[in-house]
K.L.:
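Below are the C-alpha cells for one structure; questions will follow.
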Amino acid sequence: MYTCSGCWLAIIKWFLILANRGHSEVLRKRSSYLQEKMGAGGGAASAAGGGSNSAVDWTSAISSLVAAIIGVVTLVTVYLAAVQILTQRQIYQLGISPRALGAWRNKVVLSASLFHVRMQTQIQTPKITLPGLVQNGWKPRFTFPLAADPLIEEPGLLSRITPGSAPRPDSESQKTTNGTCLAETSWVNFLQALGLGPTATQSSKPLVDMQSQPDLVNGIVPMRWKGKDLVAICSLLGFQSFEDSPSVKTPMPLPMQWSGPLGWIQFRASSDGCIAEFRRRAYTRNSLPVDAKGYFEIFFQLAKFKHAEKPSQKDILMLSLWRTVHGMYIPADDEHDELETNSGEVVESFKQKEKPVEDQEKSVEAATETPDKEKPIRVVYLGGSNPLDKDEDANKRSPQKIFQHGLNTDLTDDDAQTLIYGKYGMRPDDVRSGLQYGQSLAKQKKSALDELLASRLGKRPEEDRDLLNKAHVLKKCPGLLSVTTEGEYVDSRGLGIEDALELERVLVHPQDVDRKTHRFKLGWFFMDDKILTHMKKGLIHMRPWGFYFAAPSRLASDIKRIYAHVDKVCNILIKFEPDLHFPDDTVNGCVLNMALQVCHSYKDIRANGRANFSIEDMGILADACDALLLAFGSQDPRAKSNWKHERIDQLRWAFLIVPGLFTHVARCFSKLGLHEICAMRRVIVIQRDEVRCRLELPPDLEDGILNDDDEIDCDFIGDDVWRFPYSGKEEVGYAGGEVLAAYLYVFLTFFWIEESAWVSDISAYNSTIPNSVTMC
C-alpha cells in the first residue's frame, strides 16, 4: 500500500511530458520534410507547396488531438485509481486502529522496514493451537470480555483482566467506556474471554505465536484457526449448537451458530472460506453476596494461607479437557495415591520408621526382584453402552433344555420365567407387570429427576424412560477409545490414552445386576472395588474452579445422577446467623459462616426466583470450596504451598457413596445452629467397612431416613450405621466443624453442577468443521 499521493502526481506529470515530446517530434519531422522539398524541387515544389502544407497540418492536428485524448484518459484513470487506493487506505487504517484491535495493536501492526518506509504496513495475527497450550501448561482464566480504553496500548492489558480484577460497568463513566470501546474485531474479544493477552506467558514461555497476514478480510484483521482447535476450545467454554443432534458424519452446515455462556459464534461461507464472528452476551451482574468475595480475598492473604496453592487451580486445563470427552482426570500428584492401595486400604507411607542398614539392603533387593507395577491410572473414561450386546444365556434356553430342566427341577414361578425368558429385563411387559401387581404406586412413578435428565438429553421423556430405569454396569474395555469418536477428540486436544481406564457400560434391569461381582452402587452405576477406587479419585477432583460446569450430555447426566440425593435435601440447611461472631483466632468458624451464606443465597434463588449467574459468582463458589479445604486441612511440612486435605475428601466421598448418611446429616443439621455443630466432637466415625453417625435424628423427623418411599437404602445397616468401602486399620473420627465443612462442600459442588451447567454438544463437529476457519 502506498502512503503518499505524491508518487501518483509524479506519474501524471511523466505522462504529460511524454505526450508533449511526441508532439514536438512531429513538428521537427515536418520542418525537415519541407526543407528537403524546397531544395530539390525548386519551382515545382513551390507550385505544390500549398497542398503539401495542408496535408502536414492535418496530420499534425490529428496527432495533437490523439495525444490530448490519451493524456486526458490517462489523467482520469490515474485519478480514479488514486481515489480508490486512498479509500482502501482509510479502510485499512480503520482495520488496524486501536479501536479495532485494542491492546493487540502494537503486537499486530509491525514497524515499517527501511525499504518500505511510508510505502507498506505489515501485519501479523495470533496463531493458537490447543496442543501447544497443553504442552506449555496453560492455566485458563476464562473471563467475560469487557472493553478497555483504546488509547491505553500498554502490552499485557488484556492478560491482566481476571475474574477478580475485571472492571464492571457500575458507574456511569464505566458504562460509557465499556459501552462504546469494546474492540470491533471479534477475535480480540474472544481471546480476552480466554484470558490470552498479547504478552500472555506460562513459566516464561509465550502462549501465543504470531504469523504474517497478507491482507484484511472485509476491512478487518483476520485470525486463522484450525477447525478442530476452535471446536475443542469452544467445548471448554460450554458452547452449544442450534442443531438438535449434530452429526459426526456429514459436513457442518453453513450458516451455523453456536451459543454459550459468554456469547455466540456465527459461521458463514464466503469467497475467503469459512468466516466466524464472535459476539458477546449482555453483561451479567452478580447474584451472590459481594461481601463473600471480599472476605475470601482477605482469607487467602492471611500469613498462614498466603503461599498455599488453591486446590481448584491444580491441573484445571487437563480436568476441563478430559471432561469434554466424557472423562475424569486424576492429577499425577494426587495425594490419595499415598494413602490408598487399589482396595482402598490406608497406608502410612509418610510415617515409616527408620530401618537399619541391613533391612534397607534387603528391601532394595526385594524391590528389584518384584515385577514392575502397573502404570497409574490418570484418566477414567466413561464410555457409552454397546447396542449390539446380546443375552449371554440365550443359547442355553433351547426348548429341549427348558423341558428337561423343568422335569428334573422343582422351580418357583420366578425361576421358571427366568428359565424361559432369561433375565428380568428380557421378559415381556405383560409378565413383568404381573410380577409387579400389588406394588405401591410410588414405586411406579417417575421422579422429577428422571424427567429433568430426559430433557437434558434432548429427547422426550417417554423415549428415555427405559434408559433411566436401567442400571449401568461398568466394565473394563481396553481399546474402547480407539474405536469411538471420543478417540478423535482426545487426539485433537493433544491428550494421550496410555494411562486411561476405559470403561464400557452395560444397561440391564436393576434386578439383573450381579451384586456379588458389582457390589458397589454410585448413582445409577454398579461396579467392582477396583473401578470404584478410580471413580472416587475422579469424583474428588470434580470441583468448582471459577467457570461454569461444561460437559457433554452423557457425562452431565452421570454426574447429576450421582448428586441426585443432594437435590432432594437442598432446601434443608442449617440456620444462617448473619450477626454471628467468632473469637478473633477462630478462622474456621468464619469460613464456615461465609460458605453457609453462599449456600443460603443459592437456596433462596432456587426456591424463590431465577438467576443467570456470572463468572464472578463461579469464582466465589471456587473460593468458598478452596477456603473450606485449606481451613480444615494441614500444611505439608515438605512444601509450604502444598496442603493436605484428604480427611475432608474422605468424608466428601462418604457423602456421595452413602446417600443415606448425607440425608441423615442434613436432617439433623436442620435443627442445629453453627455454634452447636462446631462444639461437637466425633460426630461421624469411619471404620473398617462401615461409617457411623452419632447425630440423633430430631423427634419430629423420625419418620424415616429417606424422603421418597420408592427408594431403598441398601447400605443402611441399622442404628445409624451404613456400609462404607473403607479398609483402613484405624478408625477416623470427625468433629462437627469438619463434618459441616464437607457437608457444605458437597452442597457447593452440587449447586455448581446443577445451576451453572452448560451441556456442550459441539465436539461432534471435530471432524466435520472446515479445516481452516477465519475469525474476523
K.L.:
Mind checking what makes ring pair (Phe, Tyr, Trp, His ring centres under 6.0 Å) contact with F299, not counting sequence neighbours?
P.N.:
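Counting only residues at least two positions away or on another chain, F299 forms a ring pair (Phe, Tyr, Trp, His ring centres under 6.0 Å) with F305.
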
K.L.:
Return yes if some donor-acceptor pair links the side-chain N/O of K139 with the main-chain N/O of R141 below 3.5 Å, else return no.
P.N.:
no

K.L.:
Under 6.0 Å from the ring centre and within 45 degrees of the ring axis: does the NZ or CZ of K306 meet both conditions for the six-membered ring of F300?
P.N.:
no

K.L.:
Do you see a donor-acceptor pair shorter than 3.5 Å between the side chains of S601 and D604?
P.N.:
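There is no such pair (donor and acceptor under 3.5 Å, judged by atom type) between the side chains of S601 and D604.
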
K.L.:
Restricting to non-hydrogen atoms, name the atom on P331 and the atom on R378 that form the minimum distance, rounded to 0.1 Å.
P.N.:
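So the two residues come closest at O-NH1, 3.2 Å.
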
K.L.:
Is a donor on one side and an acceptor on the other found under 3.5 Å between the side chain of H534 and the backbone of I330?
P.N.:
no

K.L.:
Name the residue from F669, W752, F662 that meets the ring pair (Phe, Tyr, Trp, His ring centres under 6.0 Å) definition with F747.
P.N.:
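Of the listed options, the one satisfying the test is F662.
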
K.L.:
Should I605 and S287 count as side-chain neighbours, where that means a heavy-atom distance under 4.5 Å?
P.N.:
yes

K.L.:
Any donor and acceptor pair, going by atom type alone, linking the side chain of D315 with main-chain N or O of M318 inside 3.5 Å?
P.N.:
no

K.L.:
Taking the six-membered ring for Trp, are the ring centroids of F549 and F751 within less than 6.0 Å of each other?
P.N.:
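No, they do not, as the ring centres are separated by 6.0 Å or more.
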
K.L.:
Are L592 and F632 packed together at the side-chain level, in the sense that at least one heavy-atom pair is separated by less than 4.5 angstrom?
P.N.:
yes

K.L.:
If we count only N and O atoms by modelled type, under 3.5 Å, do the side chains of R543 and Y745 hold a donor and an acceptor together?
P.N.:
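Result is yes, a qualifying pair exists.
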
K.L.:
Shortest non-hydrogen contact from V513 to A471?
P.N.:
CG2-CB, 3.7 Å

K.L.:
Report, as yes or no, whether the 6.0 Å neighbourhood of atom NZ on K603 holds more than 12 heavy atoms from other residues, nucleotides or ligands.
P.N.:
yes

K.L.:
Looking at R505 and D558, is any side-chain nitrogen of the basic one under 4.0 Å from a carboxylate oxygen of the acidic one?
P.N.:
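Yes, D558 and R505 are salt-bridged.
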
K.L.:
Please, which pairs that meet salt bridge (Lys or Arg N to Asp or Glu O under 4.0 Å) have at least one residue in residues 731-743, sequence neighbours excluded?
P.N.:
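Output for this query lists R647-E738, R682-E731.
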
